[in-house]
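What you see is a predicted model, and the numbers here were worked out from it, not measured in a lab. Throughout, a chain's letter reflects where its sequence line sits, starting with A, and its residues are numbered from 1.
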Amino acid sequence: MSDLRVRFAPSPTGYLHIGGARTALFNYLLARKEQGTFILRIEDTDVERSTQESVDAILQAMDWLGLSYDEGPFYQTERFDLYKEKVQQLLAEGKAYKCYCTADELTTKREAAMANGDKPQYDGSCRELTPREDDAPYVIRFKSKRDGVTSFNDKIKGTISFNNQELDDMIIQRTDGTPTYNFVVVIDDAEMGLTLVLRGDDHVNNTPRQIQIYQALGYAVPEFAHVPMILGADKKRLSKRHGATSVMAYREMGYLPEALVNYLVRLGWSFGDEEIFSMDDLVEKFTLDNVGRSAGVFNPDKLLWLNEHYIKTGDPQQLGTLLEEYLQQLGFQVPADIDLAEVVKTLQDRSKTMVEMAEKAAFYVCDELEYDAKAQQKFLTAEQKPVFEALIGKLESREFNAEGVEAAFKEVLKETGLKFGKVGQPTRVALSGGTSAPGIFEVMLVLGRERTLKRLRAAIERIG
RNA sequence: GCGCUCAUCGUCUAGCCUGGUCCAGGACACCGCCCUUUCACGGCGGCGACAGGGGUUCGAAUCCCCUUGGGCGUACCA
């Protein structure tokens, strides 16, 4: 156990997306590598937009990716008393103040400042006001430093400094009494003993404000590390426009979690020329030192290639179990005598996703074979009839195993004088319904004697 | 606009800190050839980048400056 404590803190306003997943992954890897502690915290202070469905979706996605946490999930809505207490503390110490400006007034001021070419900052009108006695609605603002510089040493980006003049007095408690993000994040990160805050690049600008709050509250300031953003092909921040951004959508599309993890980690992190990393590899090799500083473009093609790789090299037994789910998704019930691990073996080199594998496996498990019209017309012709009959005869008189099936086939070739392709393709159509499928012998073995003969006879029947 | 930040093949990146071994390496995609019972897999090969301009230096992808371009932020969202 080391004293490293990190966290992933998503806000439950939607599913877990690609960017969040990578941040979670980086935190997870660091915690595992250093044998530290990985905490999950749900940032639901925006009561309006937070939903339980989102929380469930996020939890489910993390589970699917294999990102287990050691503490939590903690919910910020359950810690409002703590935040209130801290607000009071700041108020009492004169480090925060009540602001009576209305949202509308602020918007107007902001727009005016922008139009003037000034910074759209809060002008501090209520900063030195003596608190009113009436019950006029108010927010509470943090009194930030007016001069000087706030800087921190980012573990990924290096030293980053801000002039305190750039920082205005931000709201820490809304009119309705709920606390805001930049305030609670500090309290929680501090109270939960985080030693490193590893999060998205988009939080860099919040960091100096947060540091001032740490200091005002007397907390130790943790270390920070900001991971660059993930962009779409047009170099804009990744969004739905660029295709699926939900982690779970990838499961539905037939991706393996190993592939997504591998892809995500390589987007922004590298280890020499290596491309393939298992979770165990990563726990061993991951370091912040090898995380890049520039934003990266999400490349679906490479993810697909990795998925292909993990399907190709995956355990047939496990993939078989998975395949059944996708097959059921397509409406197929798998017959008891079909060995899905064997099915997988014939399809591993031919499928880039599990959905594709299921589609290609459909012919094995269906009751009524569907024939491709063109294939049927071209290969299920009258002249095939005697060939199929011969094949059936040979097949019936032998052991139905790799040697037997192949021998039967070769005998037919010999007796008819036909080339492999001349017999093979029609047979393929008879067995699979189409012209592209795994090797004929493999197909026959997976199908089994009974089903193979049945389909051959059905083909003869179709020829008429 | 202002602030922060980034900049090597179309994309992900190695190299940059500790200048020479880099006329820049790997991967995805793309193209070609080979293998082949269909479809794939696979093997081999090809295309393809140091954003631009100034410096420093015997020598710069590597160090410095400027320009340009990109990203993020600028909420009573997180």
Rounded to the nearest 0.5 angstrom, the CG-CG distance for A/Leu323 and A/Leu347 is 7.5 Å
Considering only heavy side-chain atoms of A/Pro120, the closest of B/rG71, B/rA78, B/rU74 is B/rU74
Which nucleotide in the list B/rC4, B/rG25, B/rG71 gets nearest to the side chain of A/Ile160?
B/rC4
Can you find a donor-acceptor pair, distance only, under 3.5 Å between A/Thr180 side chain and B/rC76 base?
no
Tell whether A/Asp202 reaches the base of B/rA78 with its side chain through a donor-acceptor pair below 3.5 angstrom.
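Flag unset: no donor-acceptor pair detected.
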Give a yes or no on whether a salt bridge exists between A/Lys285 and A/Glu274, defined as a side-chain N under 4.0 angstrom from a carboxylate O.
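Here A/Lys285 pairs with A/Glu274 in a salt bridge, since their nearest N and O are under 4.0 Å apart.
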Between [atom2] of [N] and [atom1] of [X], the distance in whole Å:
X	N	atom1	atom2	answer
A/Asp289	B/rC17	CG	P	16 Å
A/His226	B/rG71	NE2	C1'	15 Å
A/Asp201	B/rA78	CG	C1'	15 Å
A/Glu166	B/rG3	CD	P	6 Å
A/Tyr122	B/rG3	OH	P	23 Å
A/Asp169	B/rU74	CG	C1'	15 Å
A/Tyr75	B/rA78	OH	P	17 Å
A/Phe183	B/rC76	CZ	P	16 Å

Decide if atom CD of A/Gln52 counts as having more than 12 heavy atoms of other residues, nucleotides or ligands within a radius under 6.0 Å.
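Yes, because the 6.0 Å sphere around CD of A/Gln52 holds more than 12 heavy atoms from other groups.
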Return the pairing partner of [N] with a 3.5 Å limit on both distances, Watson-Crick or G-U wobble; otherwise return none.
N	result
B/rU36	none
B/rG10	B/rC28
B/rG59	none
B/rA49	none
B/rC16	none
B/rC72	B/rG3

Taking only the side-chain nitrogens and oxygens of A/Arg110, find out if one of them lies under 4.0 Å from OP1 or OP2 of B/rA75.
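Yes, A/Arg110 has a side-chain N/O under 4.0 Å of OP1/OP2 on B/rA75.
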Quick one: is B/rG73 close enough that its OP1 or OP2 comes under 4.0 Å of any side-chain N or O from A/Arg237?
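True: A/Arg237 side-chain N/O within range (under 4.0 Å) of B/rG73 OP1/OP2.
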Name the pairs: protein N/O against N/O of nucleotides 6-13 of chain B, kept only if under 3.5 Å.
from: B/rC12; atom 1: OP1; to: A/Val297; atom 2: N; distance (Å): 2.9
from: B/rC12; atom 1: O2'; to: A/Arg266; atom 2: O; distance (Å): 2.9
from: B/rU13; atom 1: OP1; to: A/Gly268; atom 2: N; distance (Å): 2.6
from: B/rU13; atom 1: O3'; to: A/Ser270; atom 2: OG; distance (Å): 3.1

At under 4.0 Å between heavy atoms, what does [X] touch on the DNA or RNA strands: base, sugar-phosphate, or nothing?
X	result
A/Thr13	nothing
A/His203	base
A/Asn163	nothing
A/Val204	sugar-phosphate

Residues which pass side chain to side chain donor-acceptor pair (under 3.5 Å) with A/Arg451, listed by chain and number, not counting sequence neighbours:
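A/Asp337.
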Throw together a table of side-chain donor-acceptor distances under 3.5 angstrom for residues 431-441 of chain A, partners on residues two or more places apart or in other chains.
from: A/Ser432; atom 1: OG; to: A/Arg428; atom 2: O; distance (Å): 2.8
from: A/Ser432; atom 1: OG; to: A/Gly434; atom 2: N; distance (Å): 3.3
from: A/Ser432; atom 1: OG; to: A/Gly434; atom 2: O; distance (Å): 3.2

What residues, two or more places apart in sequence or in another chain, satisfy side-chain contact (heavy atoms from CB on, under 4.5 Å) together with A/Leu445?
A/Phe400, A/Ala402, A/Val405
If we count only N and O atoms by modelled type, under 3.5 Å, do the side chains of [X] and [Y] hold a donor and an acceptor together?
X	Y	value
A/Tyr97	A/Asp169	yes
A/Gln210	A/Asn182	yes
A/Ser125	A/Asp123	yes

For nucleotides 35-42 of chain B, 5' to 3', base contacts (B), sugar-phosphate-only contacts (S) and non-contacts (-) with protein non-hydrogen atoms under 4.0 Å give --BBBBSS
For residues 262-273 of chain A, which residue pairs qualify under salt bridge (Lys or Arg N to Asp or Glu O under 4.0 Å), counting only residues two or more places apart or in two chains?
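Residue pairs with at least one partner in residues 262-273 of chain A: A/Arg266-A/Glu275.
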